[in-house]
Amino acid sequence: MKQSLLFVPTLRDMPKEAEVISHKILLKGGYIKQSAAGVYSYLPLGYKIIKKIENIIREELDAIGCSELLMPALQSKDLWVESGRWEAYGKELMRLEDRHERAFCLGPTHEEVITSIVRDFINSYKKLPVALYQIQTKFRDEFRPRFGLMRGREFIMKDLYTFHATEEDLDGWYLKVRQAYQNILDRMDLHYRIVSADSGNIGGSSSEEFMILCDIGEDTIVYSDESEFASNSELHNLSVGDPSPDGKGHILQAKGIEAGHIFKLGTKYSVPMKANFIDKDGLTKPIIMGCYGMGISRLLMAVLEQHYKDEKALWPQEIRPFDIHILPLDKEQTANYAIALDVYDKLTKAGYDCLFDDRQESPGVKFKDADLVGIRNRIVVGRRAGEGIFEFKDIKDDTVKEMTFDEIMAMNFKL
RNA sequence: CGGGAAAUAGCUCAGCUUGGUAGAGCGCUUGGUUUGGGACCAAGAUGUCGCAGGUUCGAAUCCUGUUUUCCCGACCA
């Protein structure tokens, strides 16, 4: 990709709206643009990373047997009345009317819709389990949107719903999804902790949250220094130094960003919405459900909170927007530019996704923008290019090596 | 929803106290010089001063209302 063709509107000054580092980098680097409080556009660079995050999630969920679908964001009031949440959900639900004064909401979550789909198609234990997920824009009318993508009123989320004939089957699937979530977060190089949580508006018997550890997190987690005990502080009123409830060790605290939340819903939705099936014994029973959310746009910020240096992005390899960033430094685009173009062509043919800075900008501008784009592997085509020497910079290790073209081609930039 | 701050050029901001032709830096356009970490010189273009009322001969500036944005709290998968 030629950088002149990629719309990356980097900023020289920091927009005043940003308070936290990840938000600052996203705005300054031209990854996102604010449209209203808690409402953002994902610009090409930011959206490219979003798509990489989405694909990691798709790979891990498909691997355990989930199927992707897409449900409507616009949902009729009737379904929400059935589940009882038209009243219960409160002001956070974005409500609207069509021209015939029929009431709708913009979906903050999709238990109602998915349950209405499954109940019409699944009526036998023989067709269970079912695991369906979507990646979609969600709407929640937050009292106070904050920290950019951290708490938005419109945001991208992956939501998975599973349907089972027995509690045991739900338990098994819950653990499978739990492991898939760990794989997903591990692949994004995130430090996190799984904590027990309040199931809140979604409901159900038990739930766990995947907390990305960092100081700007809105949740406080309490955990034991000697055992696996970890919980959202809203469940346990514990202070640092208190004995752990499981009797092992003492309590420590940390701040976390809730990146994922998994629930055993049981029959909370299937009973009121009459999602039943006929079991082996011929009896009609409510389908047992699980639901599993993961905040994708929130992850974009959370990753950055854990991967930056001096207001520069350091994207983990699996979600980097490009494999290699090539910077020809001669502004007049003469001899060195031609050499750089050749390097670009050969690396692209070798299967790498390269970003080539073909803009007629000064070296300083190119370096600054490259730091904001945050691609780990950088090839600078500079004053020694004529003699076949290129500069390879590893942003993560902050090391610079002079290399020949053959040495560069011998490297594996996918790692 | 309580408390605080803010809204002036694409971005960051000054001007407001004490009313009198709309400003700076960066960015943008043109020409020239530069060329390894946001270069330099010169010449340009760019505004419903958030919106609506009011006071006044005259309002970015004073008064009232209102909208929007940010922060703290409360609230919240």
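Just so it is clear: chains get the letters A, B, ... in the order the sequence lines come, proteins before strands, and each one is counted from 1. Remember, predicted model here, so these are calculated numbers, not experimental data.
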Next on the checklist: Can you confirm whether A:E97 is buried at CD, in the sense that more than 12 heavy atoms of other residues, nucleotides or ligands lie under 6.0 Å from that atom?
Outcome noted: yes

Checklist entry - Looking across every strand, which nucleic acid part, if any, lies under 4.0 Å from A:R359 by heavy atom: base, sugar-phosphate, or nothing? => result nothing

Next on the checklist: Measuring only the P atom in each nucleotide, how far is B:A24 from B:A9? A whole number of Å is fine.
Outcome noted: 13 Å

Next on the checklist: Closer than 3.5 angstrom, by distance alone: can the side chain of A:E305 be matched with the main-chain N or O of A:S22 as a donor-acceptor pair?
Outcome noted: yes

Checklist entry - Which of residues 40-47 of chain A sit near RNA chain B, with a heavy atom under 4.0 Å from it? => result none

Checklist entry - A:D369 versus A:R359: any side-chain heavy-atom pair under 4.5 Å? => result yes

Next on the checklist: Please determine whether a side-chain nitrogen of the Lys or Arg among A:E402 and A:R384 lies less than 4.0 Å from a carboxylate oxygen of the Asp or Glu.
Outcome noted: yes

Next on the checklist: Closer than 3.5 angstrom, by distance alone: can the side chain of A:D242 be matched with the main-chain N or O of A:L238 as a donor-acceptor pair?
Outcome noted: no

Checklist entry - If you pin A:K158 and A:D330 to their nearest nucleotides in RNA chain B, which one's is more 5'? => result A:D330

Item to check | Derivation and outcome, salt bridge (charged side-chain N to carboxylate O under 4.0 Å, His left out), residues A:K401 and A:E407 | outcome: CA-CA 11 Å; A:K401 283 183 224 161; A:E407 287 171 326; over 6 Å; no

Checklist outcome for this item: Separation of B:C71 atom P from A:M150 atom CE, nearest Å, is 11 Å

Give me, pair by pair, the N or O atoms of the protein and of nucleotides 30-34 of chain B that are less than 3.5 Å apart, along with how far apart they are.
residue	atom	partner	partner atom	Å
B:U34	O4	A:E332	OE2	3.4

List every contact pair, protein side and nucleotides 42-50 of chain B side both N or O, where the distance is under 3.5 Å.
none

Checklist entry - Touch check for A:R146, heavy atoms < 4.0 angstrom, all strands: base, sugar-phosphate only, or nothing? => result sugar-phosphate

Checklist entry - Within the structure shown, what part of the strands sits under 4.0 Å from A:L27 by heavy-atom distance: base, sugar-phosphate, or nothing? => result nothing

Next on the checklist: Distance check, C1' atoms only: B:U8 and B:C71, in whole angstrom units.
Outcome noted: 22 Å

Checklist entry - Would A:K77 count as a cation-pi partner of A:W80, with NZ or CZ less than 6.0 Å from the six-membered ring centre and within 45° of the ring normal? => result no

Checklist outcome for this item: Here the distance between atom P of B:G37 and atom CG of A:D398, to the nearest Å, is 16 Å

Checklist entry - With rounding to whole Å, what would you report as the distance between B:G50 and B:C40 at their C1' atoms? => result 38 Å

Next on the checklist: I'd like to check A:H164 versus A:M289 (side-chain heavy atoms, cut-off strictly below 4.5 Å). Are they in contact?
Outcome noted: no

Item to check | Between B:A39 (P) and A:K366 (NZ): distance, integer Å | outcome: 13 Å

Checklist entry - Under a cut-off of 3.5 Å for both distances of each Watson-Crick or G-U pair, what dot-bracket string does RNA chain B give, using [ ] for crossing pairs and | for inter-strand pairs? => result (((((((..((((......[..)))).((((((.....)))))).....(((((..]....))))))))))))....

Checklist entry - Does CG belonging to A:D215 count more than 12 external heavy atoms closer than 6.0 Å? => result no

Item to check | Backbone N/O of A:M1 and side chain of A:Y344: donor-acceptor pair under 3.5 Å | outcome: yes

Checklist entry - Going through the checks in order, is the side-chain contact (heavy atoms from CB on, under 4.5 Å) test met by A:Y192 and A:I257? => result CA-CA 9 Å; A:Y192 61 95; A:I257 298 169; over 6 Å; no

Item to check | Distance, P atom - from B:C49 to B:A60, rounded to whole angstrom | outcome: 7 Å

Checklist entry - Got more than 12 heavy atoms from elsewhere within 6.0 Å of NZ, A:K309? => result yes

Item to check | A:Y269 side chain vs A:A275 backbone, donor-acceptor pair below 3.5 Å | outcome: no

Item to check | Interatomic distance at P, B:G23 relative to B:G44, whole Å | outcome: 15 Å

Next on the checklist: The side chain of A:R153 is closest to which nucleotide in this list: B:C71, B:U69, B:G36?
Outcome noted: B:U69

Checklist entry - Quick one: do A:R383 and A:D330 make a salt bridge, cutoff under 4.0 Å? => result no

Checklist entry - Between B:A39 and B:G3, how far is it from one P atom to the other, in whole Å? => result 47 Å

Item to check | Sidechain N-carboxylate O distance under 4.0 Å for A:D62, A:R58 | outcome: no

Checklist entry - Checking all strands, does A:D369 fall into the base, sugar-phosphate, or nothing category for heavy-atom contacts under 4.0 angstrom? => result base

Next on the checklist: Just to be sure I understand the rule, does A:A197 reach a base, reach only the sugar-phosphate, or reach nothing, if contact means heavy atoms closer than 4.0 Å?
Outcome noted: nothing

Checklist entry - Which nucleotide, B:C70, B:G36, B:G38, lies nearest any side-chain atom of A:E19? => result B:C70

Checklist entry - From B:G38, B:C76, B:U69, pick the nucleotide closest to the side chain of A:Q34? => result B:U69

Checklist outcome for this item: Readout for nucleotides 7-14 of chain B: B = base within 4.0 Å of protein heavy atom, S = sugar-phosphate only, - = neither; 5' to 3' it is S---BSS-

Checklist entry - Taking A:K366 for the side chain and A:P328 for the main chain, is one N or O donor matched with an acceptor at less than 3.5 Å? => result yes

Checklist entry - Please give, in whole Å, the distance from B:G38 C1' to A:D310 CG? => result 16 Å

Checklist entry - Taking the nucleotide of RNA chain B with the closest heavy atom to each, which residue, A:K312 or A:H23, is nearer the 5' end? => result A:K312

Checklist entry - To the nearest angstrom, how far is A:D219 atom CG from B:C75 atom C1'? => result 13 Å

Checklist entry - With distance as the sole criterion, do the side chain of A:R144 and the base of B:C76 form a donor-acceptor contact below 3.5 Å? => result no

Checklist entry - Can you check whether A:Q360 has a side-chain N or O nearer than 4.0 Å to OP1 or OP2 of B:U35? => result no

Checklist entry - At under 4.0 Å, does any side-chain N or O of A:S362 touch on OP1 or OP2 of B:A39? => result yes

Checklist entry - Mind checking the P distance from B:C26 to B:C63? Whole angstroms is fine. => result 35 Å

Next on the checklist: Let's see if you can work this out: which of B:G38, B:C76, B:C1 has an atom nearest to the side-chain heavy atoms of A:T10?
Outcome noted: B:G38

Checklist entry - Looking at A:K393 and A:D398, does any basic side-chain N land under 4.0 Å from a carboxylate oxygen? => result yes

Checklist entry - Between A:E318 and A:R187, is there a salt bridge with N-O shorter than 4.0 Å? => result yes

Next on the checklist: If you take any heavy atom closer than 4.0 Å to RNA chain B, which residues from residues 380-394 of chain A end up in contact?
Outcome noted: A:V380, A:G382, A:R383, A:E391, A:K393

Item to check | Atom pair distance, as rounded to whole Å: CD in A:E142 and P in B:C75 | outcome: 13 Å

Next on the checklist: Here's one to test your reading of the geometry: is the NZ or CZ of A:K268 within 45 degrees of the ring axis of A:F263 and under 6.0 Å from its centre?
Outcome noted: no

Next on the checklist: Please give the distance between the P atoms of B:A22 and B:G38 as a whole number of Å.
Outcome noted: 37 Å

Checklist entry - Taking CZ from A:R378 and P from B:G37, how many angstroms apart are they, rounded to a whole number? => result 13 Å

Next on the checklist: Under 4.0 Å, counting only non-hydrogen atoms across every strand here, what does A:F155 touch: a base, just sugar-phosphate, or nothing?
Outcome noted: base

Next on the checklist: If you define the side chain from C-beta out and look only at heavy atoms, does anything of A:I319 sit under 4.5 Å from A:I56?
Outcome noted: yes

Checklist entry - Can you find a side-chain donor-acceptor pair between A:T109 and A:E111 that sits under 3.5 Å? => result yes

Checklist entry - Taking the side chain from A:D310 and the backbone from A:K312, do they hold a donor-acceptor pair closer than 3.5 Å? => result no

Checklist entry - What is the distance, rounded to the nearest whole Å, between atom OH of A:Y89 and atom P of B:C75? => result 17 Å

